[in-house]
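Heads up: the structure comes next, in structure tokens.
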2 protein chains.
Amino acid sequence: MDKLPQLYRMTKQRKIILDVLRGTKEHPTADWIYEQVRQTMPRISLGTVYRNLRVLKEMQDIQELNYGSTYSLYDGNAEPHYHFVCQDCAAVLDIDLPVYTSYDQQVAELLGSQVDFHRMEFYGSCPDCISGKSTNSKPKMWEQL
Amino acid sequence: MDKLPQLYRMTKQRKIILDVLRGTKEHPTADWIYEQVRQTMPRISLGTVYRNLRVLKEMQDIQELNYGSTYSLYDGNAEPHYHFVCQDCAAVLDIDLPVYTSYDQQVAELLGSQVDFHRMEFYGSCPDCISGKSTNSKPKMWEQL
DNA sequence: TAAAATATAGTTTATATTAGCAAGTAACGG
DNA sequence: CCGTTACTTGCTAATATAAACTATATTTTA
């Protein structure tokens, strides 16, 4: 017997978190979002921020990006788009190229599965790190810290 | 002044971990690998397994897959290939389709960056979960546990 | 509108993974 | 060979995130 669908509510906390995330073009961490939200709602807890980020992701209002580093970044733009990850400074940039939804069909036929969407990430060095302009570059993997 | 390149060694531990991972077609967790390695090297520590998985990834001998779930899976096949992630049972399947390296060039020109490689993951329901055969299916996101 | 059902918040605890450190071991120059 | 250096191990502590639990708030039902 199936369970009934979950009815999500747009609470004060959830709304503020969504607004903070949509208010930036960057891809912030959960902790950065927590600090921002605390300025208007000081008693919110970090656990609530994490929980709501997960719910907002399930509601398809935001995206979670977990590439490259040990922590997740969040993207207030839920529209499908690709990302570039700088392996030197860990920056994540949006890529303004069309999303090839036709692949989903190909993969579905090949596997006999249902494909809802796909993600693509490109890895390399961003312009700032190539030109040596970036100040927070991480050492390359073959260099010792 | 630049640091010298890191000289990795192929130690006993590192070799066994690599062999265990290459010995399976599945995409196991770090903990599963740890249990397997312990059968031939009982005194190895879990931290050493994690450290070597990271080093092997940097040596480009294996891949780390961190999609969908709260833990990473590892892939003994270092050759570029795409993956399918089942959102019902969390299985990760290999996709036998050509890798479109031409995108890397496109993105490099668009961003003015250097692109080394890309990854692509498809999300949906695997054949077993569609037919209701899978025994370890997770509840859908709109269902309450 | 009161009672029942359901979703959420805040807090505490658990989990997966990483980082730091002292001791061991392999590579290298003399 | 012997000492020096650099990489690795096992251990312990730290970190990011999820899960569990209770109390509160919101929605639905009667």
Side-chain angles (χ1 to χ4, degrees), chain A residues 2-18 27-35 37-38 40-59 61-74 90 138-139 141-145, chain B residues 2-18 27-35 37-38 40-59 61-74 90 138-139 141-145:
Chain A
D2 277 348
K3 291 286 172 53
L4 290 173
Q6 167 102 12
L7 299 178
Y8 290 121
R9 296 168 187 165
M10 187 51 73
T11 61
K12 284 194 298 290
Q13 290 86 339
R14 190 162 296 164
K15 186 68 171 49
I16 294 178
I17 290 169
L18 183 57
H27 303 111
T29 63
D31 207 66
W32 184 91
I33 296 167
Y34 173 58
E35 291 304 333
V37 172
R38 241 146 57 106
T40 50
M41 182 173 274
R43 307 241 347 147
I44 199 171
S45 75
L46 182 57
T48 296
V49 171
Y50 274 109
R51 188 170 350 92
N52 278 296
L53 287 170
R54 181 171 42 71
V55 169
L56 287 167
K57 183 174 69 167
E58 288 178 0
M59 294 167 76
D61 283 323
I62 68 171
Q63 293 188 53
E64 181 185 4
L65 313 176
N66 51 336
Y67 318 124
S69 32
T70 162
Y71 47 84
S72 284
L73 302 180
Y74 294 88
K138 291 189 306 189
M141 72 186 191
W142 47 78
E143 290 174 350
Q144 183 105 293
L145 192 49
Chain B
D2 278 348
K3 291 285 172 51
L4 289 173
Q6 168 102 12
L7 298 179
Y8 289 122
R9 297 170 186 163
M10 187 50 74
T11 60
K12 283 195 299 290
Q13 291 87 336
R14 190 162 295 164
K15 186 69 171 51
I16 295 179
I17 291 168
L18 184 57
H27 303 111
T29 62
D31 206 67
W32 184 90
I33 296 167
Y34 173 57
E35 290 305 331
V37 172
R38 246 152 47 110
T40 49
M41 181 172 276
R43 309 242 345 149
I44 200 172
S45 77
L46 181 57
T48 296
V49 172
Y50 273 109
R51 187 169 352 93
N52 278 296
L53 287 170
R54 182 172 41 72
V55 169
L56 287 167
K57 183 175 68 167
E58 287 178 1
M59 294 167 77
D61 283 323
I62 67 172
Q63 293 187 53
E64 180 185 5
L65 313 176
N66 53 337
Y67 318 124
S69 34
T70 163
Y71 47 83
S72 284
L73 302 179
Y74 294 87
K138 291 190 305 187
M141 71 185 193
W142 49 78
E143 291 173 349
Q144 181 106 293
L145 193 49

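Letters A, B, ... are given to chains in the order of the sequence lines, protein chains preceding strands, and every chain is numbered from 1. Treat the numbers as computed from the prediction; the structure is a model and nothing was measured. As a basis for the values below, the full set of heavy atoms in this structure was taken, side chains included, without hydrogen atoms, waters or symmetry mates.
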Pick the closest DNA chain D nucleotide for B:M41 and for A:T70 by heavy atoms, then say which residue is nearer the 5' end.
B:M41
If I take atom CG in residue A:L53 and atom C1' in nucleotide D:dT17, what distance separates them, rounded to the nearest angstrom?
11 Å
Would you mind telling me which residue lines up with the more 5' stretch of DNA chain C, B:D31 or B:R9, judged by nearest nucleotide?
B:D31
Of the candidate nucleotides D:dT9, C:dT8, D:dC11, which contains the atom at the shortest distance from the side chain of A:Y8?
C:dT8
Given D:dT17, C:dA9, D:dG10, the nucleotide with the shortest approach to the side chain of A:N52
C:dA9
A:Y50 has a side chain; which of C:dG10, C:dT8, D:dA18 sits nearest to it?
D:dA18
How many Å lie between OH on B:Y71 and P on C:dT17, as a whole number?
10 Å
For C:dT8 and A:T48 - does any side-chain N or O of the residue sit under 4.0 Å from the phosphate oxygens OP1/OP2?
no
Rounded interatomic separation in angstrom, taking CD1 from A:I44 and P from C:dT8
14 Å
On a heavy-atom basis, which atom in A:T29 and which in A:Y74 lie closest, and how many Å separate them?
C-CD1, 4.4 Å
A:S45 side chain: which of D:dG10, D:dT8, C:dT11 is closest?
C:dT11
Please classify the nucleic acid contact of B:S72 as base, sugar-phosphate, or nothing, using heavy-atom distances under 4.0 Å.
sugar-phosphate
Quick check for you: to the nearest 0.5 Å, what is the distance between B:T48 atom OG1 and B:R43 atom CZ?
11.0 Å
Between C:dT13 (P) and A:L46 (CG): distance, integer Å:
16 Å
For the pair made of CH2 in A:W32 and C1' in D:dT15, what is the distance, rounded to whole Å?
21 Å
Rounded to whole angstrom units, what separation is found between the NZ atom of A:K15 and the P atom of D:dT26?
16 Å
Rounded to the nearest 0.5 Å, how far does CE of A:M10 lie from CG of A:D61?
5.5 Å
How long is the span from the OH atom in B:Y71 to the CG atom in B:N66, to the nearest 0.5 Å?
12.5 Å
What is the minimum heavy-atom distance between A:L56 and A:R14, and which atoms define it?
CD2-CG, 3.9 Å
Look at the side-chain N and O atoms of B:R51 and state whether any lies under 4.0 Å from the OP1 or OP2 oxygen of D:dT9.
yes
I want to confirm an ordering. Mapping B:Y74 and A:K12 to their closest nucleotides on DNA chain C, which one lands closer to the 5' end?
A:K12
Taken to the nearest whole Å, CE/B:M10 to P/D:dA6 is 22 Å
Presence of A:R14 side-chain N/O under 4.0 Å of C:dT8 phosphate oxygens OP1/OP2
yes
When rounded to whole Å, the CD1 to P distance for the pair A:I16 and C:dG10 reads 10 Å
Ignoring backbone atoms, test whether A:N66 places a side-chain nitrogen or oxygen under 4.0 Å from the OP1 or OP2 oxygen of D:dT17.
no
